[in-house]
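To start, the structure itself, in structure tokens.
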Amino acid sequence: MPTFDSALLLAARASASDEGAIIRMSQKTRDLRAQGRDVVSLTLGEPDFDTPFFIQEAATAAMRAGFTHYSPVAGIPELRTAVAHKLKAENGLCYSPGQIVMANGVKQAIANAVFSLIEHGDEVILLAPFWVSYELTVKLAGGTPRTLSAGVEQDFKVSPRQVADALTPKSKLLILNSPNNPTGAVWTKAELQALADVVSQHPRLMVLSDEMYEYIIFEGEAISFGALPGMLERTITVNGFSKSFAMTGWRLGYAAAPEPIARSMARMQSAFTAGANSFVQRAAIAALEAPRDEVVRMRESYRRRRDIVARGLAEIPGVKMAPIPATFYAFPDVSAFLGRRREVGTVDALCDWLLETHGVTAVPGSAFGDDSCIRLSFAASERDIVMGLDRLKAGFAALS
Ligand SMILES: Cc1ncc(COP(=O)(O)O)c(C=O)c1O
């Protein structure tokens, strides 16, 4: 009898979903800590705050009231209404509740959107540096990512001209993320308008606008792409609760889209998950309807940490920085140090070396489509940030 090897049965798409650098670095950090090593981790893209108490209370009350059953696939009507209201009041976006699809996190909302639109042969424009999941989801859906890049000298913002030059008749979707993970960049209204002018020239291009970090902004303004003239019909807006309301583990996000796409996203979701968690949706109504005091308190704390990180990195000779007007990430360009030693030839190798020799974890920019930078998360305690910066300084000094 031949031996049975289930690995041979894996679909080709299974190889598109590798574990990713963030998970790899987090695992290495855990392994070293388990060996008793002292490691400062600046990898996690997750608020270090607990979910505000009033949101926890709303979830508990919903559970106690028996709100623990399946909910409608696209979400409970009261929450879809609350989201439509928020998008109108805060973002200038006119969606009806029927155009809102709640999902198990923004990740799921993005997957619903990409799987609704993209099929074999369709090209998706990604603006690097980009959040890791976009590329993976596009590949899983059978699409072809077309990656355009902008480095530190462009403040990490791909220009509308680069986009115009890259479009082909096969282009179907452009994924935009402002404020941006991993760079903290924020596109200005004028920059977005110039991009909208390019988009409107293309017969079938849609934009997926990921507005996850809209509240974690220190300078400038978070503009919704769909609010620009003529762009609502061209845009799928996604947003959620993980970062702004410190609700990563609750798994709730949403997409808002033109009706045919919204209906399709709900059908996708019905196939994969049957919809978001019921009592979490009740808690989300409480989050949206309350004043933004907690959100502002967390933002101001990130601002203080941003200042520490920006000052600390500016003091390291050879590190190049763009401003960090938003999010809780810094994305220093460390290309000056690559190749200084045999073991630090790439940003991946540099991150391994920093972890092993100086006990500080960062994520290599290669995970975000950039081979010159590393990502540092400052959603960490000020003590860890200061210690992490000291270790980075020592590490880069040793390479100088
Ligand atoms: C830009 C961006 N979009 C979406 C997500 C995913 O959010 P969620 O936790 O709602 O799935 C993340 C998480 O890191 C992110 O950085």
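Just so it is clear, the structure is predicted and the values come from calculations on it, not from any experiment. Along the sequence shown, residues are numbered consecutively beginning with 1. For ligands, and for the atoms within them, numbers begin at 1 and follow the listed sequence.
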Measure the distance from [atom] to every protein heavy atom, then report the residue, atom name and distance (to 0.1 Å) of the closest one.
atom	answer
atom 13 (C) of ligand 1	Lys243 NZ, 3.0 Å
atom 7 (O) of ligand 1	Met212 CE, 3.1 Å
atom 2 (C) of ligand 1	Asp210 OD2, 3.4 Å

*Does one side chain, of Arg305 or Ser301, offer a donor that lies under 3.5 Å from an acceptor on the other?*
yes
*Is it true that the side chains of Gln27 and Arg24 contain a donor and an acceptor less than 3.5 Å apart?*
no
_Aromatic ring proximity, centroids under 6.0 angstrom, Tyr329 and Tyr213_ = yes
*Do Tyr215 and Tyr302 have their ring centres less than 6.0 Å from each other?*
no
_Separation of Ser335 OG from Ile374 CD1 (nearest 0.5 Å)_ = 11.5 Å
*Which residue, Asp352, Thr43, Thr361, forms the side chain to side chain donor-acceptor pair (under 3.5 Å) with Lys28?*
Asp352
*Considering only heavy atoms, does Tyr213 approach ligand 1 within less than 4.0 Å through its side chain, its backbone, both, or neither?*
side chain
What atoms in ligand 1 come closer than 4.0 Å to a heavy atom of [X]?
X	result
Asn177	1 (C)
Gly105	10 (O), 11 (O)
Arg251	8 (P), 9 (O), 11 (O)

*Does a salt bridge link Arg311 with Asp307, judged by any charged N lying under 4.0 Å from a carboxylate O?*
no
_Between the side chains of Asp370 and Arg375, is the shortest nitrogen-to-carboxylate-oxygen separation below 4.0 Å, so that they form an ion pair?_
no
*Check whether any N or O atom of Tyr134, backbone or side chain, sits under 3.5 Å from an N or O atom of ligand 1, and answer yes or no.*
no
*Val106 to ligand 1: N or O pair under 3.5 Å?*
yes
_Any atom of ligand 1 sitting under 4.0 Å from a heavy atom of Gly240?_
no
*Should one rank Tyr254, Trp250, Phe130, Trp131 by closest heavy-atom distance to atom 12 (C) of ligand 1, which comes out on top?*
Trp131
